[in-house]
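Input: a single structure, listed below in structure tokens.
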Amino acid sequence: MKPSFAIVGCGKVGTALGIFLTSAGYRAAGFTSKSLSSAKRVADIIQSDHFSDVPWEITRNADVVFITTPDGAITDTCNSIARNRGFANNAVVLHCSGALPSTTLSIAKKCGAFIGSMHPLQSFASADYDTNPFQGIIVSLEGEDYAVKMAKEIVTDLGGTSVSILTEAKTLYHASAVVASNYLVTLLDLAFRLIGAAGIAGRDAFDVLKPLIEGTLSNIEKAGIPEALTGPIVRGDVKTVEKHVEEIGLKTPELLPLYKTLGFYTIDIAKARGTISESSTQQLKRITAQKCKVPNLSRASGRTK
Ligand SMILES: NC(=O)c1ccc[n+]([C@@H]2O[C@H](COP(=O)([O-])OP(=O)(O)OC[C@H]3O[C@@H](n4cnc5c(N)ncnc54)[C@H](OP(=O)(O)O)[C@@H]3O)[C@@H](O)[C@H]2O)c1
């Protein structure tokens, strides 16, 4: 028989867990949230009578407790459940935050529970689910052995694939996910603003750059970094980079610091590829080095929307 579970915090992730753990054969010990209506909404979806706005009334009956409140409320929520003896002996307590380590749940250990974190690398944008958002995704796990073992089984049953990370590596792991997702948006915003200043704006900018973006991603997948790197820096084309810097400095000076910083770090990737001479390396480093204070990035031109 599959373990029973409780959801504390019935928002986007809590709702998805409630629905798809139930589909996978796990028994719902119940649902609890800051507002009773949120807990009832999920309980209704899976036709359960177990919901409450008093978390320990629900959690003490669960083999696995998911604390899926916003990150800022996880510790306080866990503390108040533990103070009210709301975790069963040998229960597993998990949160789903990418940024916080499992140790944020440490107080639950005083009740004899095991702690862990289970972070789905997925964007949960609403609490309405037609399809299983865990299907085919990566879920990172860390924490006490027993909690990680249980979480691994849960991830498999949800249709995902788990990877284990070290508790002390959690912050860097999360920083990496932020760069890959959020800062990719920032990087593309830079590209859109430059092409916008060149006269191609809005949806056209996206259509022009999309094949390039997809081709680059595919090259990274096939050949890895640094082999996927193309363009003036890896060719040691100092003059082209110099012209970019001059022109951006004239037309969109607010974008120059980010362009230069990206160029500066790209030189090291080109060096790892072994295609540029020491003299080109030094010239490129001189051109892309930051000489001035970073100005306030105004949102002037070239947006896609
Ligand atoms: N959204 C994502 O894409 C995503 C992806 C990966 C991981 N995560 C992680 O998943 C966790 C939940 O995120 P989410 O996006 O599902 O958040 P969310 O949609 O904002 O849901 C959080 C829920 O917790 C309830 N809540 C707030 N404070 C509470 C408290 N003190 N006690 C009990 N319930 C409380 C909320 O209030 P009501 O009861 O008033 O509704 C809400 O229903 C976070 O740790 C987040 O980092 C999110």
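Counting starts at 1 for both ligands and their atoms, following the listed order.
In this structure, atom 41 (O) of ligand 1 lies nearest to the protein heavy atom Ser38 OG, 2.6 Å. At the shortest separation from atom 45 (O) of ligand 1 among protein heavy atoms lies Asp71 OD1, 2.6 Å. For atom 11 (C) of ligand 1, the nearest protein heavy atom (residue, atom name, distance) is Thr69 O, 3.6 Å. Of the protein's non-hydrogen atoms, Lys34 N, 3.4 Å is the one closest to atom 33 (C) of ligand 1. When only non-hydrogen protein atoms are considered, atom 25 (C) of ligand 1 lies nearest to Ser33 OG, 3.6 Å. The nearest protein atom to atom 6 (C) of ligand 1, hydrogens excluded, is given as Pro120 O, 3.4 Å; this is a heavy-atom distance. Atom 20 (O) of ligand 1 has Lys12 NZ, 4.0 Å as its closest protein atom, hydrogens excluded (heavy atom only).
The ligand atoms of ligand 1 that sit less than 4.0 angstrom from a heavy atom of Val13 are 4 (C), 8 (N), 10 (O), 16 (O), 48 (C). Taking a cut-off of under 4.0 Å to the non-hydrogen atoms of Ser123, the atoms of ligand 1 that pass are 3 (O). The ligand atoms of ligand 1 that sit less than 4.0 angstrom from a heavy atom of Thr77 are 30 (C), 31 (N), 32 (N). Interface of Ser97 with ligand 1, defined as ligand atoms under 4.0 Å from a residue heavy atom, comprises 45 (O), 47 (O). Which parts of ligand 1 touch Thr68 is read off a 4.0 Å heavy-atom cut-off, strictly below it: atoms 12 (C), 22 (C), 23 (C), 24 (O). Against a heavy-atom cut-off of under 4.0 Å, His119 is close to the following atoms of ligand 1: 6 (C), 7 (C).
Ring planes of Phe124 and Phe134: tilted class, angle from 30 to 60°.
A donor-acceptor contact closer than 3.5 angstrom links the side chains of Thr15 and Arg41.
For a threshold of 3.5 Å applied to N or O pairs, the pair formed by Ser35 and ligand 1 contains at least one separation below that value.
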